[in-house]
Amino acid sequence: MSNLRMATVLSLVVASHATVDYSQYVNVFMGTAKGGNRFPGVVAAPFAMTKLGPDVQNSTTDAYSGYLPIGNIWGFSMMHESGTGGAPKYGVVSQMPVVGQVSDPLADLSQPRLHVDEGGVGWYKSSLANGITVELTASEHAGLYSYTFPEATNESSSIVVDVSHVLPSFRGLGWEQHYSGGALKLLSESHYEGSGTYNNGWNLAPNWTIYFCGKFDQKTSSSRVFAQSNATNASYGQTAGTGRLGGVFTFNETKVTSRVGISFISTTKACHNLENEIPGETNPHSLIQDAQARWNQEVFNKIQMSSDTTEDLQLLYSSLYGMFLIPSNRTGENPAWSSGEPYYDDVFTLWDTHRCHTSLFQVVQPTAYEEFIRSLIDIWRHDGFMPDARSSNFNGRVQGGTNADNVLADAYVKGVRGAVDWEDGFSAMQTDAEVIPPLEIVDTKAPDASTKEGRGALPDWLQYGYITPRFTRAVSRAVEYSTNDFGLYQVAVGLGKTLEAATYLNRSRNWRNHWNPSATSGGHNGFMVPRKANGSFVSQNPEDCGGCYWGDAYYEDNTWIYSMNAIHDVTELKRRIGGDKRFVGRIDKLFELGIFDAGNEPGFTSPYLYNFVQGQQWRSVERGRNISTLYNSGESGLPGNSDAGAMESLLIWQMIGLWPMTGQSTFLVLAPVFEQMTIDLGDDKTLILSTSGGDRISAPYVQSLKVNGKQWDKSWVSWEDVFANGGNLDFVLGANKTEWSTGELPPSPASGEIQSVMH
Ligand SMILES: *[C@@H]1O[C@H](CO)[C@@H](O)[C@H](O)[C@H]1NC(C)=O
Ligand SMILES: *[C@@H]1O[C@H](CO)[C@@H](O)[C@H](O)[C@H]1NC(C)=O
Ligand SMILES: *[C@@H]1O[C@H](CO)[C@@H](O)[C@H](O)[C@H]1NC(C)=O
Ligand SMILES: *[C@@H]1O[C@H](CO)[C@@H](O)[C@H](O)[C@H]1NC(C)=O
Ligand SMILES: *[C@@H]1O[C@H](CO)[C@@H](O)[C@H](O)[C@H]1NC(C)=O
Ligand SMILES: *[C@@H]1O[C@H](CO)[C@@H](O)[C@H](O)[C@H]1NC(C)=O
Ligand SMILES: *[C@@H]1O[C@H](CO)[C@@H](O)[C@H](O)[C@H]1NC(C)=O
Ligand SMILES: *[C@@H]1O[C@H](CO)[C@@H](O)[C@H](O)[C@H]1NC(C)=O
Ligand SMILES: *[C@@H]1O[C@H](CO)[C@@H](O)[C@H](O)[C@H]1NC(C)=O
Ligand SMILES: *[C@@H]1O[C@H](CO)[C@@H](O)[C@H](O)[C@H]1NC(C)=O
Ligand SMILES: *[C@@H]1O[C@H](CO)[C@@H](O)[C@H](O)[C@H]1NC(C)=O
């Protein structure tokens, strides 16, 4: 720990890189309970394709990541998502150990746990009630299961490989996955290969196939393929129906290791991945060391802070870990097309991550981020649209706007170039803005338009400049389409596309067309409301959003929240709300009325918009500090669904003391939590944040700030100020609600005259 103290001295920061194992502070169970849905199993490197962990049975609760704290384990499978909602995806390429012979592999083989599961970066361990211990380690495309069966029983040891195993959903919304066929071939006494095909899930995906190649370190005393009677060609282990399929492998030994490689391409590639990454005799400890080294080097070393309390260290590094479990780097594993571009799947979803996750992704992992941007564009090249969400190589689903536009804009204005083809990037964005996505799959929850990709309500957006109630989620989509169009404007400006820039800047203001100045709630006037084709507003209570779901006017939040979300046009928003004082009161009301939900993304930026009023920055700090108290590094430590790490990224920005305005180069200034934080920006650039003035509880508020040594009176900094070439932010904090932020307000780029931004 003394190393961490020394890390506050800049000259020693580099030395500490090599010596501190930050992975020891990761609680892989952070956010795995109470709906956090994080995946606690083995992810051997950031974005690794294999995510090996337990699948827990619970007939009432969906196990989104496979894991649940309560319930029996019914298999250990190799693919999962992390921190998602909607409906579970994956939970495939599974095996389950059984004591003794297995007479009926179709029976319930699940087991309670002897005690709570254990795990760390690179490893996982479950102890089952029947005495079997399962230890898991992995590489990027393969997994290693180490089984210890009970000695005392004198029984043989069995492993059931269940090709038909896939995570179920109990919500009854039609989003459950189905097994739809597979193959299993025994090649020798210790080697099998095969594939499983599955469909549906939250993104309503068609059939997709994963291939596997499994090898045991022991010879079987017996092995067989099983298939339900309704499976076709069952005797050959090939099925085309939903009849279950698998293999039973029985051993005399009590210690058995099982190595499995997976691939989207072929069983040959699955075997190649296996032998390449986990050859026979691989020591699990070497896999653990490799995993910890990669996470340290690629993620944890990038952010260091001065605190040496265990809770602080656990919170920072467990949060960083949770940010990079998905998407999955599937470069070289794309069955749909081959190209020289990187390929990332398991985008779940940009609706969640574009607000503050992707901007931190860029800072912490610039190389992977550039690959991710290229992958989004390559998906457009081959599938026609960029995804808002994507899994099993299939776009779907779109909750609001086409938020890849915001992500690309954010990357563009912050200088992401490298091998990104920005002309294609802009074309991909223009597809979102101009091409109505075909309605190929009718979603019963929202039958009005495609939820697969693109902007389903585009016909109205183009015709009226707003969205009529003939489209579901009309208002929440409209405000997102506005920010999406603002994204197009940003990239068009950079590429010198003057005409397009003017068009999309204009369109980015269309949120205003939903603004009904006489809608009233909580003493405030003016809200975004549904609007009919003839121009009349639909009158309704702004606190009421119906079910706040797919078929309603607002998705997952009401118009109090959505009316604050034109973050590219805040000056106009303030004007409509009634000026500075009313604007401050309006943000306060989100909290007073209990509307603000720290666990839901649409409201993420609202608490910090006080920075758009001179002197009021302290209020943003107060809100942010309060939101931070809802987090801890424990299993219930997330105030909502992790949402692919979106929730964790919010906390890390709080620790840093900045808030990204997605799609812009602006960061709102909050107040860092630690005395010192050092962020390695790559290319020998560093951002160093320091605070003085007291402890974080008694001295939360900014008294004064220096940016790169210069006294600062603005409530914001730009990418250029502190990230592009590194920088220093030195805060004096204190107990006083000091009105220090008297300088120029943060930019509101859509609020000026169009001409003034065109030159
Ligand atoms: C399912 O999970 C819930 C919530 O954790 C728990 O109360 C319940 O006992 C679990 N049911 C089973 C069958 O394990
Ligand atoms: C297991 O087998 C050994 C040798 O065959 C025997 O001595 C022992 O009593 C058996 N134990 C149990 C629990 O059956
Ligand atoms: C397993 O044990 C049985 C009975 O002891 C024996 O006949 C068989 O050869 C053993 N099989 C293997 C693969 O060791
Ligand atoms: C069953 O599968 C085997 C092996 O692939 C194949 O040779 C055979 O023709 C199949 N039989 C039927 C009835 O499809
Ligand atoms: C998936 O493939 C099976 C055959 O294996 C076919 O019967 C089924 O209709 C397909 N389902 C989808 C959703 O494509
Ligand atoms: C196959 O049989 C199982 C159980 O016998 C049943 O649940 C399943 O629906 C059947 N599948 C088909 C395609 O008939
Ligand atoms: C993504 O995967 C490809 C293929 O394995 C690899 O070359 C590339 O370095 C990976 N990207 C990152 C950021 O690790
Ligand atoms: C902006 O939109 C308005 C109507 O919404 C239209 O009259 C005007 O021509 C547009 N301006 C540009 C530059 O696209
Ligand atoms: C618009 O249409 C609605 C019915 O859909 C009607 O009640 C309202 O009077 C109309 N408003 C105008 C201005 O024509
Ligand atoms: C912060 O949280 C405390 C306790 O939950 C509450 O009393 C206080 O009003 C909150 N303050 C702000 C500014 O949200
Ligand atoms: C805090 O503010 C109060 C009232 O404005 C003032 O009297 C006091 O000196 C301030 N304290 C510090 C440490 O600036």
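Read the numbers this way: they start at 1 and go in the same order the structure lists the ligands and their atoms. Keep in mind it's a predicted model, so treat the numbers as computed, not measured.
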Give every residue pair that meets the side chain to side chain donor-acceptor pair (under 3.5 Å) criterion with at least one member in residues 478-488, sequence neighbours excluded. Trp351-Glu480, Thr402-Asn484, Asn403-Glu480, Asn403-Asn484, Asn406-Thr483, Asn406-Asn484, Arg455-Asp485, Trp461-Asp485, Asp485-Arg507
Side chain to side chain donor-acceptor pair (under 3.5 Å): pairs with one or both residues in residues 352-367, sequence neighbours excluded: Thr349-Asp352
If you measure every N/O of His141 against every N/O of ligand 7, is any gap under 3.5 Å? no
Could you tell me whether some N/O pair between Thr367 and ligand 7 is separated by less than 3.5 angstrom? no
Do we get Arg330 above Trp208's six-membered ring, with its NZ or CZ under 6.0 Å from the centre and within 45° of the axis? no
Between ligand 9 and the protein, give all atom pairs where both partners are nitrogen or oxygen and the distance is under 3.5 Å, as lines of names plus distance to 0.1 Å.
unit_1	atom_1	unit_2	atom_2	d
ligand 9	2 (O)	Asn534	ND2	2.3
ligand 9	5 (O)	Lys532	NZ	3.4
ligand 9	11 (N)	Asn534	ND2	2.9
ligand 9	14 (O)	Asn534	ND2	3.2

Quick one: does ligand 7 sit under 4.0 Å from the side chain of [X], the backbone, both or neither, non-hydrogen atoms only?
X      : result
Thr331 : both
Glu140 : neither
Tyr344 : side chain

When the ring planes of His80 and Phe39 are compared, do they come out parallel, tilted or perpendicular, using 30° and 60° as the limits? parallel
For the residue pair Tyr344 and Glu371, confirm or rule out a side-chain donor-acceptor distance under 3.5 Å. yes
Do His568 and Gln664 have a side chain donor and acceptor closer than 3.5 Å? no
Is any side-chain heavy atom of Phe300 closer than 4.5 Å to one of Leu320? yes
Sorted by chain and number, sequence neighbours left out, salt bridge (Lys or Arg N to Asp or Glu O under 4.0 Å) with Asp552 holds for none
Aromatic contact between Phe324 and Phe361, with the criterion being ring centroids under 6.0 Å apart: yes or no? yes
List every atom of ligand 7 that sits less than 4.0 Å from any heavy atom of Ala368, numbering the atoms from 1 in the order shown and giving each element. 13 (C)
